A.B. asks: 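Take a look at this one; I'll ask things after.
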Amino acid sequence: MKTQPKTIAILTGGGDCPGLNAVIRAVVRTAILRYGWRVLGIEDGFDGLVGEPRWRELTLDAVRGILPRGGTILGTSNRGNPLAYPVVDGGETRLVDVSAEVVGNFRRLGAEALITVGGDGSLKIARALQERGIPMVGVPKTIDNDLRGTDVTFGYNTAVGIVTEALDRLHTTAESHHRVMVLEVMGRDAGWIALESGLAGSADVILIPEIPFDFGEICRAIDQRRERGSRFSIVVVAEGAFPCDGQKVTQVSAEENLGVERLGGIGARVAAEVENRLDVETRVVVLGHVQRGGTPSPFDRILGSRFGVKAVELVAAGEFGQMVSLAGRSVVAVDIGTAVDALNRVDPQGDLVNAAEALGISLGLPSQVR
Ligand code: F6P
């Protein structure tokens with residue numbers, strides 16, 4: 001009698017990011033070509049395991065040609081947390097724990113392991129579901145690079161490349177019009193995208209959530225440039241940055257958005273202050289989801305592929321509750337908890353910040369008073 005091949009499942013959760021398809025493709029190809037397993041793709045993150053399960057078999061054909069594609073062929077969701085799932089009841093939305101249903105649905109698939117590709121939120125859910133009986137392997141993704149336990153997440157390199165290109169483009173128009181251009185970038189409560197793309201794109205001021213800023217200091221830096229003959233300036237501001245005497249600017253609060261605040265608007269505030277205080281023509285650009293869309297960089301295609309291969313190898317070795325991770329030049333495994341217990345944020349005393357300041361970039365508050 002022919003025995004059934006081992007079956008594994010994969011889902012992508014949270015916000016999409018470039019390189020997700022590289023992971024899916026690597027998981028499918030490694031599972032089928034090296035181990036002879038079947039792979040099921042769960043649709044729209046953990047949402048696909050609530051109610052009637054939504055999944056499809058991922059064959060070699062299903063993943064053909066997806067390596068350069070952005071987004072995720074499986075779909076994703078950053079609102080369907082099974083531990084606090086929004087259920088509309090009598091016109092009101094209640095948050096209900098549907099994790100038992102998710103575990104039951106997963107078991108009915110007949111899969112022996114679930115590979116969860118996600119950021120902070122999805123990997124927290126993955127850890128909880130592992131504790132409730134789903135053999136889990138995590139793969140860290142996010143453009144924000146705010147996960148601990150890995151040197152870098154895939155998606156981040158592409159985002160930095162997109163922002164750097166935007167900065168190069170903003171330079172020529174800022175210089176032509178003698179303007180201040182303020183570019184607001186993503187990153188949530190971590191300043192990695194702003195800091196590294198600001199360095200790569202030669203920004204004059206970089207504002208990050210880890211260093212609350214002073215409006216006077218930003219204006220001083222811009223003024224100093226004008227005195228030296230540069231009649232334009234480029235300011236990069238992370239969406240989570242905030243002034244010393246103020247707060248983050250949100251478009252939608254956590255209470256209004258199922259526990260997840262939507263940041264945005266600090267760029268406009270910075271631009272307005274600079275224009276008022278210095279009487280210099282100022283424009284603001286919000287790059288938004290452009291940073292997450294489109295084709296992944298070669299780095300993210302390779303990292304995503306290596307992560308996918310390693311995830312399947314962990315399943316083969318029965319090493320569950322682990323997350324794949326980049327440590328130096330090697331892909332290794334760490335406990336999922338390492339990644340989600342705290343955020344990976346920029347060290348205000350670290351060498352990146354030091355390098356920026358040595359290059360004459362203002363971080364919005366002089367290091368002596370931080
Ligand atoms: O976590 C990735 C990210 O793009 C953040 O940088 C940003 O704050 C958030 O997601 C935007 O979320 P949404 O796609 O729900 O607007």
Side-chain angles (χ1 to χ4, degrees), residues 10-31 39 41-45 58 60-78 115-123 137-147 149-169 185-188 190 192-201 287-312 323-327 329-331 339 344:
I10 178 170
L11 65 78
T12 52
D16 72 327
C17 91
L20 284 168
N21 286 327
V23 180
I24 296 169
R25 173 179 174 272
V27 165
V28 170
R29 289 182 70 89
T30 309
V39 183
I42 294 163
E43 294 173 1
D44 301 334
L58 295 175
L60 292 175
D61 267 354
V63 296
R64 185 162 294 142
I66 66 170
L67 185 58
R69 265 171 64 184
T72 159
I73 59 163
L74 289 175
T76 188
S77 164
N78 56 4
I115 295 175
T116 293
V117 192
D120 176 46
S122 304
L123 291 174
V137 169
V139 179
K141 70 90 224 187
T142 166
I143 63 163
D144 304 335
N145 196 35
D146 60 356
L147 279 177
T150 181
D151 287 358
V152 71
T153 52
F154 71 86
Y156 171 67
N157 178 271
T158 306
V160 169
I162 293 166
V163 178
T164 303
E165 189 193 334
L167 285 171
D168 290 346
R169 291 179 185 280
V185 301
M186 284 184 165
R188 269 193 225 277
W192 296 108
I193 296 178
L195 183 53
E196 290 215 320
S197 58
L199 273 165
L287 215 44
H289 292 80
V290 170
Q291 292 158 94
R292 267 181 21 199
T295 190
S297 66
F299 180 90
D300 283 336
R301 294 182 201 195
I302 295 164
L303 187 61
S305 299
R306 292 174 75 195
F307 277 179
V309 171
K310 182 71 178 178
V312 175
M323 179 190 87
V324 303
S325 132
L326 184 70
R329 290 179 169 268
S330 305
V331 171
N344 170 31

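Quick caveat: nothing in here was measured; it's all calculated off a predicted structure.
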A.B. asks: Would you compute the distance between atom OG1 of T153 and atom CG of L326 and round it to the nearest 0.5 angstrom?
C.D. replies: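 If I round to the nearest 0.5 Å, the distance is 10.5 Å.
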A.B. asks: Is it true that a side-chain atom of N21 and a backbone atom of L67 form a donor plus acceptor pair closer than 3.5 Å?
C.D. replies: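 Between the backbone of L67 and the side chain of N21 there is no qualifying donor-acceptor contact (under 3.5 Å).
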A.B. asks: Rounded to the nearest 0.5 Å, how far apart are OG1 of T76 and CG of L20?
C.D. replies: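 Between T76 OG1 and L20 CG, I get 7.0 Å after rounding to 0.5 Å.
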A.B. asks: Please check if the side chain of T295 supplies one atom and the backbone of P68 the other of a donor-acceptor pair under 3.5 Å.
C.D. replies: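 Side chain of T295 to backbone of P68: a pair is present.
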A.B. asks: I'd like to know if the side chain of K141 reaches the main chain of G15, judged simply by a donor and an acceptor atom lying under 3.5 Å from each other, with no hydrogens or angles considered.
C.D. replies: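 Here the side-chain-to-backbone pair exists.
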A.B. asks: Decide side-chain contact (heavy atoms from CB on, under 4.5 Å) for L74 and I10; before the verdict, give the C-alpha distance in whole Å, the side-chain angles of both, and the deciding distance to 0.1 Å.
C.D. replies: CA-CA 9 Å; L74 289 175; I10 178 170; 4.2 Å; yes
A.B. asks: Donor-acceptor check, side chain of Y156 to backbone of W192, threshold 3.5 angstrom: yes or no?
C.D. replies: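 Flag set: sc Y156 to bb W192 pair under 3.5 Å.
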A.B. asks: What closest approach, in Å, do G293 and I162 show between heavy atoms, and which atom pair accounts for it?
C.D. replies: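 Looking at all heavy atoms of both residues, the shortest contact is O-CD1, 3.9 Å.
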A.B. asks: So, D300 versus T158: side-chain donor-acceptor pair below 3.5 Å or not?
C.D. replies: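 T158 and D300 do have a side-chain donor-acceptor pair below 3.5 Å.
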A.B. asks: Looking at P296 and G70, what are the two nearest heavy atoms and their distance?
C.D. replies: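 What the structure gives for the nearest pair is CD-N, 4.2 Å.
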A.B. asks: For G45 versus I42, what's the shortest heavy-atom pair and its separation?
C.D. replies: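 Closest approach of G45 to I42, heavy atoms only: O-CG2, 3.6 Å.
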A.B. asks: Drop me the distance from L147's CG to N344's CG, to the nearest 0.5 angstrom.
C.D. replies: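 Here the rounded value is 8.0 Å.
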A.B. asks: Looking only at heavy atoms, what is the nearest atom pair of V139 and L123, with distance?
C.D. replies: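 Taking V139 first and L123 second, the nearest heavy atoms are N-CD2, 4.1 Å.
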A.B. asks: Examine distances only and state if a side-chain atom of Q291 and a backbone atom of V185 form a donor-acceptor pair shorter than 3.5 Å.
C.D. replies: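 No; zero donor-acceptor contacts below 3.5 Å.
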A.B. asks: At what distance, to the nearest 0.5 angstrom, does OG1 of T72 lie from CG of D16?
C.D. replies: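 That separation rounds to 8.0 Å.
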A.B. asks: For the residue pair V117 and F307, establish whether any side-chain heavy-atom pair is separated by less than 4.5 Å.
C.D. replies: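 Contact flag for V117/F307 side chains = no.
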A.B. asks: Are M186 and H289 side-chain neighbours, meaning at least one heavy-atom pair lies under 4.5 Å?
C.D. replies: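 The answer is yes, as the side chains (C-beta and beyond) meet within the 4.5 Å cut-off.
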A.B. asks: For T12 and G75, indicate whether the former's side chain and the latter's backbone hold a donor-acceptor pair under 3.5 Å.
C.D. replies: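 Checking the backbone N and O of G75 against the side chain of T12, a donor-acceptor pair under 3.5 Å is found.
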A.B. asks: Is a side-chain donor or acceptor of S305 paired with a backbone partner of A26 at a separation under 3.5 angstrom?
C.D. replies: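 Such a contact is absent between S305 side chain and A26 backbone.
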A.B. asks: Measure the spacing between CD of E196 and CG of N157 and express it to the nearest 0.5 Å.
C.D. replies: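 Answer rounded to 0.5 Å: 9.0 Å.
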A.B. asks: Measure the NZ-CE distance between K310 and M323 for me, rounded to the nearest 0.5 Å.
C.D. replies: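 Answer rounded to 0.5 Å: 12.5 Å.
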A.B. asks: At their closest point, which heavy atom of A200 faces which heavy atom of T164, and how far apart are they?
C.D. replies: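 What the structure gives for the nearest pair is CB-OG1, 3.6 Å.
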A.B. asks: Can you tell me if CZ on R292 sees more than 12 non-hydrogen neighbours from other groups inside 6.0 Å?
C.D. replies: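 Correct, the count exceeds 12.
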A.B. asks: What are the two closest non-hydrogen atoms of S197 and L167, and how far apart are they?
C.D. replies: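 The answer is O-CD1, 3.2 Å.
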A.B. asks: One pair to check against side-chain contact (heavy atoms from CB on, under 4.5 Å): N145 and V160. What are the steps and the verdict?
C.D. replies: CA-CA 10 Å; N145 196 35; V160 169; over 6 Å; no
A.B. asks: When L303 is tested against each of D151, V152, T150 for side chain to side chain contact (heavy atoms under 4.5 Å, CB included), which residue passes?
C.D. replies: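 Of the listed options, the one satisfying the test is V152.
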A.B. asks: Is a side-chain N or O of T142 found less than 3.5 angstrom from the main chain of G119, in a donor-acceptor match?
C.D. replies: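 No; judged by distance alone, with no hydrogens or angles, the pair does not exist.
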A.B. asks: Looking at V137, I115, V39, which one forms a side chain to side chain contact (heavy atoms under 4.5 Å, CB included) with V312?
C.D. replies: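 So the option named by the test is I115.
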